Amino acid sequence: MRPIRLPEPPGVGGVMETPEIFTDGAAAATATVVIRRAVVIGNGSPGAENQCLGLVRALGLADHLTLYRVTRPQGGINEWLHFLPISLHKLIDQVLRQFFRSTRFAPVVEGRKPYRVPNGGSVGLSSVLEADTRKIVAVARDTFDKEGPTLIVACGWDTISYSSSIRHLASGNVFVIQIQHPRSRLDRFDLVVTPRHDYYALTAGGQKEIPRLFRRWITPQEPPGRNVVLTVGALHQADSAALRLAAIAWHDELAPLPKPLLIVNIGGPTRNCKYGVDLARQLITSIYNVLDSCGSVRVSFSRRTPRKVSDIILKEFTGHPKIYIWDGEEPNPHMGHLAWADAFVVTADSISMLSEACSTGKPVYVIGTEYCRWKFSAFHKTLRERGVVRLFTGLEDISNNWSYPPLNDAIEVATRVREVIAERGWSVG
């Protein structure tokens, strides 16, 4: 397999003006068919669903969207079946429940209630519907003449069968965007939005890391086609409008804090970025080393942060006059932190948190890149080359401000979406 040179994400190598995201501009003058509503298909992961919502916001459709969620059976033996395609998983769950309903094995099979769809609080919506391909297709067809086409935006492995089926059944009534690489048959979607580092396996560096015997099993196998839009990082909702609102909402709590305000966001180990308490101890030492140059420090953990990591940091910093640790209770200060921070420290495992921080144009320091491998290493290399992050060593002067062109992946993807939709004779309203 010959290594390829990947095209740059939109906006790299030149200046891209921010599009008028709430109007159609010239496209509206010529297009007679206008997309005025969006359907988001999520998988329950806030990171995945926020990518969909970030793109919908950039397209100006945030006030006209419906969120559907794909849910797997949970509890009992189901925790061992998540590797299966979701349709097969649900079928097996139904058969097992029926077969073992009145036996002593029922608790092992059933666990907790299988199809609970949580509300949309984590993504800022009041309600979420259970994903139903036939229902979504029927609504798209029935309302096409009166309301125009429906934009379908999905993200996550479990959503692929839903979004691809919707396009197959109602291709003339919908425009389907799949976020994150679906690994095969990209022609099932109108557009695929995926980070550039997802194609790391096809680069010269990636192929050096793969034994020749295993190369045929590594996806993707083909370079990005015309319906693929490459990004630097993850899409998100932390655009300028959202940050202005967050700055107002969190003014009373964050504005009075001594400056500079350092925000520390801690994620958790992943398959391609494995670490443990060693990183926690490294982070503690480095924070102490820069503390004299900080006015105040606020620390947040994510859902993925291991208890052993958070416990070490809590034990060390609880009660420190300069350091506040968020207790995990609502309201979540994350957007306020993005708005009011003077600088960030982010663990290397979280592409989402790094993408959000790097969209602010403020100094972003990364810790733990030495634990990352494979495509995560490629992602961090890209950020360093673009000058949007620096390694956190503990030798920094946090009061020393530096800046860079902020990452605008959602806006740049929205521009490409509008172009492709315009080729169909449609526009986004």
Side-chain angles (χ1 to χ4, degrees), residues 18 21-22 46-47 49-50 53-54 57-58 62-63 118-127 236-267 283-284 287-288 290-305 310 313-347 350 352-365 392 396-404 406-408 410:
T18 302
I21 64 174
F22 295 110
E49 292 179 358
N50 278 328
L53 296 171
R57 281 180 63 90
D63 293 332
N119 65 36
S122 64
V123 288
L125 298 175
S126 60
S127 63
H236 53 80
Q237 299 188 73
D239 56 27
S240 57
L243 293 183
R244 283 195 295 269
L245 292 174
I248 295 170
W250 287 91
H251 176 274
D252 292 348
E253 181 170 341
L254 300 181
L257 294 177
K259 301 291 187 178
L261 170 59
L262 177 65
I263 297 298
V264 181
N265 289 330
I266 303 171
L283 179 60
I284 289 169
I287 290 176
Y288 273 131
V290 302
L291 207 50
D292 286 343
S293 66
C294 296
S296 47
V297 178
R298 288 175 68 101
V299 180
S300 292
F301 303 112
S302 79
R303 295 174 179 82
R304 296 186 296 103
T305 307
S310 59
I313 292 172
L314 284 166
K315 181 179 179 181
E316 187 67 35
F317 289 137
T318 296
H320 194 288
K322 268 192 175 184
I323 302 174
Y324 168 86
I325 301 178
W326 179 49
D327 60 9
E329 298 295 325
E330 294 294 339
N332 187 331
H334 181 63
M335 291 297 290
H337 286 172
L338 289 172
W340 283 101
D342 295 298
F344 301 90
V345 171
V346 184
T347 54
S350 181
S352 294
M353 290 194 296
L354 280 166
S355 299
E356 290 172 332
C358 292
S359 72
T360 66
K362 303 172 185 178
V364 179
Y365 299 97
F392 186 50
E396 294 78 12
D397 181 349
I398 302 302
S399 64
N400 180 23
N401 188 39
W402 50 276
S403 62
Y404 48 86
L407 295 186
N408 284 313

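Only this structure's heavy atoms are used, side chains among them; waters, hydrogens and symmetry mates stay out. Quick caveat, the model's predicted, so the values are computed rather than measured.
- Nearest heavy-atom pair, Thr347 versus Gly267, reported as atom, atom and distance to 0.1 Å: OG1-N, 2.9 Å.
- For residues 332-346, the side chain to side chain donor-acceptor pair (under 3.5 Å) pairs, not counting sequence neighbours, are Arg298-His337, His334-Glu356.
- The backbone N or O of Gly361 sits nowhere less than 3.5 Å from a side-chain atom of Ser403 that would complete a donor-acceptor pair.
- Looking only at distances, a side-chain donor or acceptor of Lys362 sits under 3.5 Å from a matching main-chain atom of Ala339.
- Side-chain atoms of Tyr324 and Leu257, non-hydrogen and from C-beta on, never get closer than 4.5 Å to each other.
- The distance from the CD atom of Gln237 to the CG atom of Leu243 is 11.0 Å, given to the nearest 0.5 Å.
- Contact check for Phe317 versus Val297: no side-chain heavy atoms found under the 4.5 Å cut-off.
- Rounding to the nearest 0.5 Å gives a distance of 6.5 Å between CD1 of Ile263 and OG of Ser300.
- No side-chain heavy atom of Glu396 sits under 4.5 Å from any side-chain heavy atom of Pro363.
- For the pair Arg303 and Pro46, the minimum side-chain heavy-atom distance is below 4.5 Å.
- By the 30° and 60° cut-offs, the orientation of the rings of Tyr288 relative to His320 is tilted.
- Across all non-hydrogen atoms, the minimal contact from Ser350 to Arg304 is CB-NH2, 3.8 Å.
- Counting all heavy atoms, side chain and backbone alike, Gly336 lies closest to Trp250 at CA-CD1, 3.6 Å.
- Looking at every heavy atom in both residues, Tyr365 comes nearest to Asn400 through OH-O, 4.4 Å.
- Residue pairs meeting the salt bridge (charged side-chain N to carboxylate O under 4.0 Å, His left out) criterion with at least one partner in residues 313-322, sequence neighbours excluded, do not occur; the list is empty.
- For the side-chain hydrogen bond (donor to acceptor under 3.5 Å, both in side chains) test, no residue two or more places apart in sequence or in another chain qualifies with Trp326.
- Residue Ala58 comes nearest to Ala410 through the heavy atom pair CB-O, 3.6 Å, listed as atom of the first residue, atom of the second, then distance.
- Taken from CG in Leu407 to SG in Cys358, the straight-line distance is 5.0 Å, to the nearest 0.5 Å.
- When side chains are defined from C-beta on, Leu338 counts as touching Met335, because their heavy atoms get closer than 4.5 Å.
- For the atom pair NZ of Lys259 and OG of Ser296, the computed distance is 7.0 Å after rounding to the nearest 0.5 Å.
- The heavy-atom pair separating Pro406 from Ser359 by the smallest distance is CB-O, 3.4 Å.
- Separating the CZ atom in Phe392 from the CG atom in Leu283 is a distance of 6.5 Å, to the nearest 0.5 Å.
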Show your reasoning for whether side-chain contact (heavy atoms from CB on, under 4.5 Å) applies to Phe301 and Ile325. CA-CA 8 Å; Phe301 303 112; Ile325 301 178; 3.6 Å; yes
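- Taken to the nearest 0.5 Å, the CD1 atom of Ile313 stands 6.5 Å off from the CD1 atom of Ile287.
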